[in-house]
Amino acid sequence: MTLPDRGLPSVVIGGGVAGAEIALALSHRQHAPVTLIEAGPRIAATLTPRGRALLCRALDGAGVTVLTGTRVGRVGAEHVVLDDGRRIDSALTLGIAGARAADWLARDLPVGDAGFVQVGPSLQVPGHPDLFAAGDCASMTHAPRPKAGVFAVRQAPVLAQNLAARHQGRGCRAFHPQRDYLKIVSLGGRYALAEWHGMALQGAWLWRCKDRIDRGFIGRLTD
Ligand SMILES: Cc1cc2nc3c(=O)[nH]c(=O)nc-3n(C[C@H](O)[C@H](O)[C@H](O)COP(=O)(O)OP(=O)(O)OC[C@H]3O[C@@H](n4cnc5c(N)ncnc54)[C@H](O)[C@@H]3O)c2cc1C
């Protein structure tokens, strides 16, 4: 993806934590107007009130325009048109409106309301013992969780073991996802917000912590 020239406006569609993080990063990098558009009544609905307040303050401080209760009707090459007919100039429009299930999954597989493949504790698809699903495309019926990389990553070793076990005729083991997980949201300008077990903190040291974790993870993948 190529970023537009600095100074040109951008729009981010989807005011979840990821959308807010990207809006702040764009604002920091581009020194340009950024509009964050959210269909629901508030942004970052998964955060605690304190976490959300800190995030809203950061968006406000960065000059990001936040539109809640607002739907995008159409995306053009250099603008977006809202459902109510308003038009917003945008040299770069990013859709970060949450994971969406691929249509083909629902053709032959058991899927839930949102169209994600249902799996049991072993990550096997019910009625298809040789078929496993993990990550964002899967929906754990035994322990529903939000779509987050932390679950995708932790499912991976269980998935690998269970594929081998199935091949060798052994029993599969269960995946027990954790209840809560550390969320670190970059606020632009090497500053971050963290939320864990209902506690929200912010600071430059949290950004350094996130940077170290992310670089370590990517480094392991490229080795
Ligand atoms: C901006 C942003 C920030 C985030 N930050 C965090 C965070 O801090 N912590 C966290 O835990 N989670 C975070 N998430 C969520 C996390 O990225 C996802 O939950 C995670 O990537 C899911 O992993 P996955 O492998 O299931 O799917 P993905 O990472 O989406 O990978 C699926 C891959 O499959 C490819 N693909 C799709 N269809 C096909 C096809 N038909 N053929 C071939 N390839 C195909 C896609 O192109 C993609 O590369 C963030 C998400 C976003 C968007």
Discussion item. So that I can tick it off, tell me whether R100 and D103 are bridged by a salt bridge, with the cut-off set at under 4.0 angstrom between side-chain N and carboxylate O.
Written reply: yes
Fill in: Rounded distance [0.5 Å steps], CD in Q124 versus CG in L159
10.5 Å
Discussion item. Checking E38 against V66 for the side-chain contact (heavy atoms from CB on, under 4.5 Å) test, could you report, in this order, the C-alpha distance in whole Å, the side-chain angles of both residues, the deciding distance, and whether it holds?
Written reply: CA-CA 8 Å; E38 166 58 37; V66 178; 5.8 Å; no
Worksheet entry | Cluster overlap W207 with I22, hydrophobic side-chain contacts below 4.5 Å | no
Worksheet item: How many angstroms lie between atom OH of Y191 and atom CZ of R208, to the nearest 0.5 angstrom?
Response: 11.0 Å
Item to complete: Kindly indicate, with the supporting measurements, whether the criterion side-chain contact (heavy atoms from CB on, under 4.5 Å) is fulfilled by V12 and T35.
Response: CA-CA 6 Å; V12 176; T35 306; over 6 Å; no
Fill in: Contact summary for Y181 and A148, nearest pair of heavy atoms
OH-CB, 3.6 Å
Worksheet, complete the sentence: Rounded to the nearest 0.5 Å, the OG1 atom of T48 sits from the CZ atom of R52 at a distance of 7.0 Å
Fill in: Over all atoms of both residues, closest heavy-atom pair of Q202 and L54
NE2-CD2, 3.6 Å
Practice prompt. Taking atom NE2 of H197 as the centre, report whether more than 12 heavy atoms of other residues, nucleotides or ligands fall under 6.0 Å from it.
Written response: yes
Discussion item. Please check this pair: side chain of T141 against backbone of V119, looking for a donor-acceptor N/O pair closer than 3.5 Å.
Written reply: yes
Worksheet item: Going by heavy atoms in the side chains, are P177 and R154 under 4.5 Å from each other?
Response: no
Discussion item. According to a hydrophobic-cluster definition based on side-chain heavy atoms being under 4.5 Å apart (Ile, Leu, Val, Met, Phe, Trp, Tyr only), do L123 and F116 belong together?
Written reply: no
Discussion item. Looking at Q30 and P4, would you say the former's side chain and the latter's main chain have a donor-acceptor pair under 3.5 Å?
Written reply: yes
Discussion item. When you compare the side chain of S90 with that of P9, does any pair of heavy atoms fall below 4.5 Å?
Written reply: no
Worksheet item: Is there side-chain contact between I43 and L59, with at least one heavy-atom pair below 4.5 Å?
Response: yes
Discussion item. According to a hydrophobic-cluster definition based on side-chain heavy atoms being under 4.5 Å apart (Ile, Leu, Val, Met, Phe, Trp, Tyr only), do M140 and V117 belong together?
Written reply: yes
Worksheet item: What is the minimum heavy-atom distance between C137 and A134, and which atoms define it?
Response: SG-O, 3.5 Å
Item to complete: Determine the sole option in T65, L67, V81 for which the side-chain contact (heavy atoms from CB on, under 4.5 Å) test with I88 is passed.
Response: L67
Item to complete: Tell me, with the steps shown, if T46 and V17 meet side-chain contact (heavy atoms from CB on, under 4.5 Å).
Response: CA-CA 8 Å; T46 54; V17 175; 3.7 Å; yes
Worksheet item: Can a salt bridge be assigned to the pair K210 and E21 using a cut-off of 4.0 Å between side-chain N and carboxylate O?
Response: yes
Item to complete: Please report the C-alpha distance between F132 and V125 in whole Å, then the side-chain angles of each, then the deciding distance to 0.1 Å, and finally whether the side-chain contact (heavy atoms from CB on, under 4.5 Å) criterion is met.
Response: CA-CA 6 Å; F132 295 75; V125 179; 6.0 Å; no
Discussion item. Taking the side chain as everything from C-beta on, heavy atoms only, tell me whether I213 gets closer than 4.5 Å to I184.
Written reply: yes
Item to complete: Determine, using the 4.5 Å side-chain heavy-atom cutoff (strictly less than), whether L182 and L193 are members of one ILVMFWY cluster.
Response: no
Worksheet entry | Approximate separation, where rounding is to 0.5 Å, of H79 NE2 and R87 CZ | 4.5 Å
Discussion item. Looking at Q178, is its backbone amide N or carbonyl O close enough to the side chain of R145 to form a donor-acceptor pair, meaning the two atoms are under 3.5 Å apart?
Written reply: yes
Discussion item. Please check this pair: side chain of H142 against backbone of F175, looking for a donor-acceptor N/O pair closer than 3.5 Å.
Written reply: yes
Worksheet entry | F151 six-ring face occupied by K147 cation (under 6.0 Å, within 45°) | no
Discussion item. Does R6 have more than 12 heavy atoms from other residues, nucleotides or ligands lying within 6.0 Å of its CZ?
Written reply: yes
Fill in: CZ/R170: more than 12 non-hydrogen atoms of other groups inside 6.0 Å
yes
Worksheet item: Does N162 use its side chain to pair, donor to acceptor, with the backbone of C172 at less than 3.5 Å?
Response: no
Item to complete: Report yes if some heavy atom in the side chain of S122 is under 4.5 Å from a heavy atom in the side chain of R173; otherwise report no.
Response: no
Discussion item. Between T68 and I37, is there a side-chain heavy-atom distance shorter than 4.5 Å?
Written reply: no
Item to complete: Check L82 against V72 and note the closest heavy-atom contact, atom names and distance.
Response: CD2-CG2, 4.1 Å
Worksheet item: If you take all heavy atoms of A62 and S27, which pair is closest and at what distance?
Response: O-OG, 3.2 Å
Item to complete: For residues I96 and I13, determine if any side-chain heavy atom of one lies less than 4.5 Å from a side-chain heavy atom of the other.
Response: no
Discussion item. For a 4.5 angstrom cut-off between non-hydrogen side-chain atoms, does L187 reach L55?
Written reply: yes
Worksheet, complete the sentence: To the nearest 0.5 Å, atom CG of L36 lies from atom OG of S10 at 11.5 Å
Worksheet item: In terms of hydrophobic clusters joined by side-chain contacts under 4.5 Å, are V150 and L47 together?
Response: no
Worksheet item: Of the non-hydrogen atoms in A101 and G115, which two are nearest, and what is the gap between them?
Response: CB-O, 3.1 Å
Fill in: Pairwise distance CG(L92) to CG(L8) - rounded to 0.5 angstrom
10.0 Å
